[in-house]
Asker: 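This is the structure, below, for whatever I ask next.
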Amino acid sequence: MTPVRGLVLALGLCLAQGAFAQEIDRSPRPPVNPRLVGAVLLAQPTGDLQSQAEALAPSAVVSAGADAGPPDAVARSLRPMPRPEALTTRLAGLKAASNAPGLDLSGREPDNEVDLAAIPPPTRKEERKKRREKASMAGSVCGVSAIKGEPIARISSKVSGCGVEDPVRVTSVAGVRLSQAATVDCSIAKALNSWVDEVAQPAFDGRLVELQVAAHYICRSRNNVKGARISEHGKGRAIDISAFILSNGKVLTVAQDYNRLLRRIYKAGCGYFRTTLGPGSDGYHEDHFHFDTSARSGGAYCR
């Protein structure tokens with residue numbers, strides 16, 4: 001074969017391959033069906049609609065099948081197409097919902113979330129206050145921080161009328177200690193606490209440190225008279241005070257120091273207790289104050 005003949009054959013082969021490739025490009029291709037893509041996107045509840053459309057486009061092209069248009073449909077599908085009305089409505093609804101309180105479709109972290117690390121720790125003053133409040137209730141009874149003592153078991157008795165359903169053993173009231181732990185119920189404990197705090201302590205200019213307790217719970221008749229009714233002491237609702245001890249060590253007894261000051265605080269007890277008995281009342285209380293919270297009907301009995 002001469003060189004010229006070989007060159008002609010090579011040139012003819014190249015022309016044939018180019019014509020074959022051009023023929024393949026003219027073969028019809030299934031176009032993208034915008035209506036199908038829009039329908040698929042409308043079925044998606046949330047997410048990036050543009051990325052979903054791009055991900056679904058190949059499958060939509062394959063599924064077009066019988067809906068394929070004329071040969072120039074591929075060229076038309078590359079042009080910007082108007083957004084279907086249904087899709088526009090759907091997007092508007094999602095945008096409005098994303099601005100609703102409590103709903104965020106953006107996938108971002110909420111801006112109003114509480115950052116626990118940003119909350120400052122309690123100050124020393126706040127911590128001291130909490131410790132004081134906790135400490136003030138330590139050892140308290142009857143739900144009053146100023147009444148110190150302990151609850152004890154129910155007191156029963158073979159004697160009808162005696163006993164205490166919910167007794168407590170009180171050691172101090174309103175910051176004033178008792179000479180002996182008094183077994184009473186909460187009604188008398190609260191009344192005594194209020195009387196000491198609002199009457200007795202102010203009368204002694206805050207110098208009262210101890211109450212001398214002459215009697216508390218004991219199952220006996222009134223005034224120890226045989227055949228008489230059960231005393232309020234036998235029900236845990238009474239306490240007897242015989243003396244007042246001050247911070248300087250001075251002791252004021254009811255028997256020997258029933259002066260104007262003691263008379264004043266005794267009379268004021270009528271507003272706190274249901275019964276008050278003292279010197280001159282009945283001959284049985286010349287050396288002490290008897291206070292009780294009896295359940296008798298009518299008003300207070302103060303003598």
Side-chain angles (χ1 to χ4, degrees), residues 141-144 147-174 176 178-200 210-244 252-258 262-303:
V141 292
C142 302
V144 180
I147 305 177
K148 301 300 183 182
E150 61 178 347
I152 58 178
R154 176 178 177 271
I155 299 175
S156 58
S157 176
K158 295 180 180 180
V159 178
S160 178
C162 285
V164 187
E165 188 66 30
D166 296 300
V168 291
R169 185 176 288 119
V170 179
T171 56
S172 70
V173 293
V176 176
L178 305 184
S179 62
Q180 59 175 304
T183 299
V184 293
D185 72 358
C186 281
S187 69
I188 190 67
K190 290 179 179 179
L192 183 65
N193 178 75
S194 298
W195 177 74
V196 170
D197 182 51
E198 300 170 11
V199 176
E210 183 176 319
L211 297 178
Q212 191 75 37
V213 177
H216 46 103
Y217 174 79
I218 182 174
C219 183
R220 63 171 175 81
S221 60
R222 291 180 180 177
N223 302 321
N224 287 308
V225 175
K226 188 176 181 179
R229 293 182 180 180
I230 295 298
S231 168
E232 294 301 314
H233 285 284
K235 303 171 185 177
R237 296 197 292 249
I239 192 167
D240 292 349
I241 307 299
S242 60
F244 302 84
L252 298 175
T253 66
V254 175
Q256 299 177 0
D257 303 292
Y258 191 56
L262 293 190
R263 283 198 298 270
R264 180 160 62 87
I265 64 174
Y266 166 70
K267 289 182 179 179
C270 191
Y272 295 85
F273 307 96
R274 296 298 301 277
T275 304
T276 61
L277 299 171
S281 61
D282 57 5
Y284 292 99
H285 302 87
E286 298 303 310
D287 61 353
H288 66 275
F289 296 160
H290 168 90
F291 297 140
D292 72 47
T293 52
S294 62
R296 68 163 60 95
S297 59
Y301 183 80
C302 303
R303 296 187 63 181

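The chain is numbered in sequence order, starting from 1.
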Asker: If every non-hydrogen atom of G149 is compared with every non-hydrogen atom of V141, which pair is closest and at what distance?
Answerer: C-CG1, 3.5 Å
Asker: For the backbone of G234 and the side chain of R220, can you confirm whether one donor and one acceptor N or O come within less than 3.5 Å of each other?
Answerer: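 No, R220 side chain to G234 backbone: no donor-acceptor pair under 3.5 Å.
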Asker: For side chain to side chain donor-acceptor pair (under 3.5 Å), just list the numbers for H290 and E232, CA-CA rounded to whole Å, side-chain angles, deciding distance to a tenth of an Å, and then say yes or no.
Answerer: CA-CA 10 Å; H290 168 90; E232 294 301 314; over 6 Å; no
Asker: Mind checking whether C162 and Y217 have side chains closer than 4.5 Å, heavy atoms only?
Answerer: yes
Asker: Give, for atom CG of D292 and atom OG1 of T276, the distance between the pair rounded to the nearest 0.5 Å.
Answerer: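 It is 9.0 Å, given to the nearest 0.5 Å.
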Asker: Are the side chain of W195 and the backbone N or O of A268 linked by a donor-acceptor pair below 3.5 Å?
Answerer: no
Asker: Heavy-atom distance under 4.5 Å between the side chains of I147 and K190, does that happen here?
Answerer: yes
Asker: Name the orientation class of the two ring planes belonging to F291 and Y266 (parallel below 30°, tilted from 30 to 60°, perpendicular beyond 60°).
Answerer: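 It falls in the parallel class, under 30°.
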Asker: Decide side-chain contact (heavy atoms from CB on, under 4.5 Å) for F244 and L262; before the verdict, give the C-alpha distance in whole Å, the side-chain angles of both, and the deciding distance to 0.1 Å.
Answerer: CA-CA 9 Å; F244 302 84; L262 293 190; 3.8 Å; yes
Asker: Sub-3.5 Å donor-acceptor pair from the side chain of N193 to the main-chain atoms of A174, do we have one?
Answerer: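 Yes: the side chain of N193 pairs with the backbone of A174.
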Asker: Passes side-chain contact (heavy atoms from CB on, under 4.5 Å), C186 versus V168? Steps please.
Answerer: CA-CA 7 Å; C186 281; V168 291; 4.2 Å; yes
Asker: Which pair of heavy atoms, one from A181 and one from T171, lies closest together, and at what distance?
Answerer: CB-CG2, 4.2 Å
Asker: Within this structure, what is the CG-SG distance for the pair D185 and C142, rounded to the nearest 0.5 Å?
Answerer: 8.0 Å
Asker: Can you tell me if Y301 has over 12 outside heavy atoms packed within less than 6.0 Å of its OH?
Answerer: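 No, not enclosed.
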Asker: State whether the side chain of D282 and the backbone N or O of Y284 hold a donor-acceptor pair below 3.5 Å, judged by distance alone.
Answerer: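 Checking the backbone N and O of Y284 against the side chain of D282, a donor-acceptor pair under 3.5 Å is found.
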Asker: Heavy atoms only: give me the nearest S187-T293 pair and the separation to one decimal.
Answerer: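 Heavy-atom minimum between the residues: OG-OG1, 2.8 Å.
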Asker: Would I152 and T183 count as a side-chain contact (heavy atoms from CB on, under 4.5 Å) here? Give the steps.
Answerer: CA-CA 9 Å; I152 58 178; T183 299; 3.8 Å; yes
Asker: Applying side-chain contact (heavy atoms from CB on, under 4.5 Å) between P279 and each of H288, H285, E286, report the one that passes.
Answerer: E286
Asker: Working to the nearest 0.5 Å, report the span between CD1 of I241 and OG of S179.
Answerer: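 So the CD1 of I241 and the OG of S179 are separated by 7.5 Å.
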Asker: Start with the C-alpha gap between V254 and D287, add the side-chain angles, then the distance that decides, and say whether side-chain contact (heavy atoms from CB on, under 4.5 Å) holds.
Answerer: CA-CA 5 Å; V254 175; D287 61 353; 5.6 Å; no
Asker: Rounded to the nearest 0.5 Å, what separation is found between the CD atom of Q180 and the CD atom of E210?
Answerer: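 Reported to 0.5 Å precision, the distance equals 10.5 Å.
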Asker: For a quick test of reading the model, state the closest non-hydrogen atom pair linking V184 to A189 and the distance between them.
Answerer: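 Taking V184 first and A189 second, the nearest heavy atoms are CG2-CB, 4.2 Å.
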Asker: Against D240, only a single residue in H216, H233, Q212 fulfils side-chain hydrogen bond (donor to acceptor under 3.5 Å, both in side chains); can you say which?
Answerer: H233
Asker: Nearest heavy-atom pair of A182 and L178: which atoms, and what distance?
Answerer: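 What the structure gives for the nearest pair is CB-CD1, 4.0 Å.
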Asker: Please check this pair: side chain of S157 against backbone of G163, looking for a donor-acceptor N/O pair closer than 3.5 Å.
Answerer: no
Asker: For the pair S281 (side chain) and G278 (backbone), establish whether a donor and an acceptor sit closer than 3.5 Å, ignoring hydrogens and angles.
Answerer: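 It does hold such a pair.
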Asker: Measure across V159 and C219 and return the closest heavy-atom pair with its distance rounded to 0.1 Å.
Answerer: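 Heavy atoms only, the tightest pair is CB-SG, 3.7 Å.
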